[in-house]
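The structure appears below as structure tokens.
The structure presented is a predicted model; accordingly, all values stated were derived computationally and were not measured.
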Amino acid sequence: MAVMGDAIDQSDGQSRPDRRDLLITGAFALLSLALFLWRIGDPARLNFDESHYVPAARTLLALDLMPNPEHPPLGKLLIGLGIALFGDNPLGWRVMSALFGALLVFSAMMATRWMLLRRPAAVMAGILLLFSQTLFIQARIAMLDIFMASFLMLALWQLVALWRTGFSDRTRFIVASAAMGLSMACKWTALSLIAPGLPLFIWLLWRAQKQAGGVQPLPMAPALGWLGPFAAFAYLATFLPYHFLRHDALSLVQIIPQQFEMLHLQSAPMGSHPYQSRWWQWMLDLRPIWYFYEPVAGVQRGVLFIGNPVICWGGPFALAASVWAGLRQNARPLMLPVLLWAGPLLFFIIAPKPVQFYYHYFLSSLMLCIASAGALDHYFWSRGKRLVPWLVIGLAGLVFLEFYPIISAGALGGPQDFNRWMWLDSWR
């Protein structure tokens with residue numbers, strides 16, 4: 001907690017980020033990387049959907065055939081890179097997830113800093129992300145979601161910086177565009193944030209064209225031209241390794257038809273699952289998923305994919321407070337994380353996907369941390385009322401520590417130890 005005080009007590013108010021922000025954010029990224037890597041080898045066997053993606057990464061490394069054809073290749077290639085660098089072991093399977101989790105923290109804090117122009121909000125967002133539990137778990141497992149979310153957060157950082165600097169920086173356009181394409185190349189779920197976020201960005205760009213002041217923004221057509229082609233190129237380029245497979249290789253002209261085959265596979269009906277859940281249960285942290293609960297070498301270990309109850313149950317109040325501040329107190333930027341929280345949630349409400357899981361809320365859970373940080377800063381920290389932010393963050397930290405054994409595959413006393421954390425019957 002001392003880090004938080006040192007980082008934000010000297011905030012310069014409504015100012016643009018500077019070198020100090022990069023240093024603070026970099027320190028948080030290193031801290032998060034250390035947290036994610038600590039005991040990342042537990043459990044020392046495949047965990048939940050690692051049973052799909054680790055074998056897929058091995059197959060791609062061998063350039064044998066196309067694994068998991070329902071998903072794009074980049075996330076599996078990144079898992080394979082970790083295996084190539086660190087070996088076919090738990091560290092190799094998961095190390096890239098930890099690295100991209102740290103990148104996500106860095107990008108999210110910078111996005112918050114540019115979005116709200118408040119250093120305290122950015123620091124509190126970083127702390128809440130570290131305590132959120134969902135990020136911690138996804139950064140320590142070889143699944144696709146962390147890569148998808150990390151690229152999306154990088155894109156968000158660049159897009160809000162473009163907005164704050166008058167839409168004139170071509171480099172940021174290129175980075176944002178490529179990051180969006182790469183996020184889609186990890187998992188198509190990225191569309192749940194891109195679909196609502198891109199129209200919002202275009203609307204802000206259009207407003208900048210109408211209200212151009214000192215900095216002349218790029219004209220609309222060239223600006224969108226920087227976004228679209230680089231995203232498409234980055235996405236399609238990730239399919240090139242499929243051209244070199246020994247079996248069922250894709251020619252360059254087959255890459256586009258392969259997208260329709262992926263859509264067909266994604267749309268295939270799926271049987272019911274004991275851990276399936278609905279969107280309203282995600283919001284209230286009511287239906288987590290047991291990623292792992294087995295003895296390993298005689299020691300009981302478990303990983304429960306569950307959000308931090310303090311953040312999840314307090315989140316609706318923060319969202320409502322942010323909307324109120326945006327509409328009634330002219331604090332419009334506070335509404336941006338709310339809209340980006342609602343977009344992925346709405347996507348899965350209307351998506352024709354009858355079997356859904358709590359991890360589909362992952363993107364919204366990240367935006368909830370940013371929205372909560374913005375509300376705490378606006379209503380309390382910026383007004384010199386520091387007690388409530390300290391209490392909320394301190395309580396979230398204590399709950400994170402309480403749940404740490406059951407979210408990190410820590411050593412438990414026995415098969416019934418899970419009851420300690422079953423606050424609600426629906427968590428079983």
Check: [Y] and [X] side chains under 4.5 Å, non-hydrogen atoms:
X: Leu200; Y: Leu336; result: yes
X: Leu74; Y: Pro72; result: no
X: Tyr275; Y: Trp290; result: yes
X: Phe136; Y: Ser408; result: yes
X: Arg287; Y: Arg278; result: no
X: Leu250; Y: His243; result: no
X: Phe28; Y: Val123; result: yes
X: Leu130; Y: Val105; result: yes

I'd like to check the ring-ring contact (aromatic ring centres under 6.0 Å, His included) partners of [X]; sequence neighbours left out, ordered by chain and number.
X: His360; answer: Phe348
X: Trp324; answer: none
X: Phe239; answer: Tyr235, Tyr242
X: Phe100; answer: Phe147, Phe151

Roughly how far, to the nearest 0.5 Å, is [atom2] of [Y] from [atom1] of [X]?
X: Met180; Y: Met184; atom1: CE; atom2: CE; answer: 10.5 Å
X: Leu240; Y: Leu252; atom1: CG; atom2: CG; answer: 6.5 Å
X: Trp381; Y: Leu376; atom1: CH2; atom2: CG; answer: 10.0 Å
X: Leu61; Y: Leu81; atom1: CG; atom2: CG; answer: 8.5 Å
X: Leu104; Y: Ser97; atom1: CG; atom2: OG; answer: 11.5 Å
X: Arg301; Y: Asp417; atom1: CZ; atom2: CG; answer: 12.5 Å

For this session: Flag the pair Glu50 and Arg94 as a salt bridge only when some basic side-chain nitrogen lies within less than 4.0 angstrom of an acidic carboxylate oxygen.
Result: yes

So, using salt bridge (Lys or Arg N to Asp or Glu O under 4.0 Å) as the criterion, who are the partners of [X] when residues are at least two apart?
X: Arg39; result: Asp42
X: Glu70; result: none
X: Glu261; result: none

Whether the side chain of [X] engages the backbone of [Y] through a donor-acceptor N/O pair (distance < 3.5 Å, no angle test) should be reported.
X: Gln158; Y: Ala155; result: no
X: Lys76; Y: Asn68; result: yes
X: Arg140; Y: Leu135; result: no
X: Tyr361; Y: Leu345; result: no
X: Arg58; Y: Ile83; result: no
X: Gln133; Y: Ile306; result: yes
X: Ser51; Y: Leu46; result: no
X: His247; Y: Asp64; result: no
X: Asp248; Y: Leu65; result: no

Exercise. Which residues pass the side chain to side chain contact (heavy atoms under 4.5 Å, CB included) test with Pro17, sequence neighbours left out?
Worked result: Asp21, Met110, Arg113, Trp114

For this session: Return the set of residues passing side chain to side chain contact (heavy atoms under 4.5 Å, CB included) with Leu398 (not counting sequence neighbours), or none when no residue passes.
Result: none

Verify the neighbour count for atom [atom1] of [X]: are there more than 12 heavy atoms of other residues, nucleotides or ligands below 6.0 Å?
X: Trp279; atom1: CH2; result: no
X: Trp313; atom1: CH2; result: yes
X: Arg328; atom1: CZ; result: no
X: Phe233; atom1: CZ; result: no

Problem set entry | salt bridge (charged side-chain N to carboxylate O under 4.0 Å, His left out): pairs with one or both residues in residues 372-383, sequence neighbours excluded | Arg118-Asp377

Exercise. What residue pairs, at least two apart or across chains, pass salt bridge (charged side-chain N to carboxylate O under 4.0 Å, His left out) with a residue in residues 144-159?
Worked result: Asp145-Lys187

Testing the basics here: between [X] and [Y], what is the closest heavy-atom pair and its distance to 0.1 Å?
X: Gly82; Y: Val95; answer: CA-CG1, 3.9 Å
X: Pro389; Y: Met124; answer: CB-SD, 4.0 Å
X: Ala176; Y: Leu159; answer: CB-CD2, 3.7 Å
X: Leu340; Y: Gly197; answer: CD2-CA, 4.0 Å
X: Pro196; Y: Ser192; answer: CD-O, 3.1 Å
X: Phe36; Y: Gly101; answer: CE1-C, 3.6 Å

For this session: For the residue pair Phe131 and Phe400, categorise the inter-ring angle as parallel (less than 30°), tilted (30 to 60°) or perpendicular (more than 60°).
Result: tilted

Problem set entry | Asp49/Tyr291 under side chain to side chain donor-acceptor pair (under 3.5 Å): CA gap, chis, key distance, verdict | CA-CA 8 Å; Asp49 277 354; Tyr291 275 9; over 6 Å; no

For this session: Applying side chain to side chain donor-acceptor pair (under 3.5 Å), run through Asn47 and Trp93 and close with a yes or a no.
Result: CA-CA 10 Å; Asn47 175 10; Trp93 306 338; over 6 Å; no

For this session: Scan side-chain atoms only and decide if His378 and Gln329 contain a donor-acceptor pair under the 3.5 Å cut-off.
Result: yes

Problem set entry | Any side-chain donor near an acceptor of the partner, Tyr359 and Trp282, under 3.5 Å | no

For this session: Would you check, one step at a time, whether the test side-chain contact (heavy atoms from CB on, under 4.5 Å) holds for Phe380 with Trp390?
Result: CA-CA 10 Å; Phe380 300 103; Trp390 281 118; over 6 Å; no

Problem set entry | Reference residue Tyr293; test ring pair (Phe, Tyr, Trp, His ring centres under 6.0 Å); the match among Phe305, Phe418, Phe48 | Phe418

Taking distance alone, no hydrogens or angles, what donor-acceptor pairs closer than 3.5 Å link side-chain atoms of residues 365-373 to residues at least two apart or in another chain?
from   : atom 1 : to     : atom 2 : distance (Å)
Ser365 : OG     : Thr134 : OG1    : 3.3
Ser365 : OG     : Phe362 : O      : 2.6
Ser372 : OG     : Leu368 : O      : 2.8

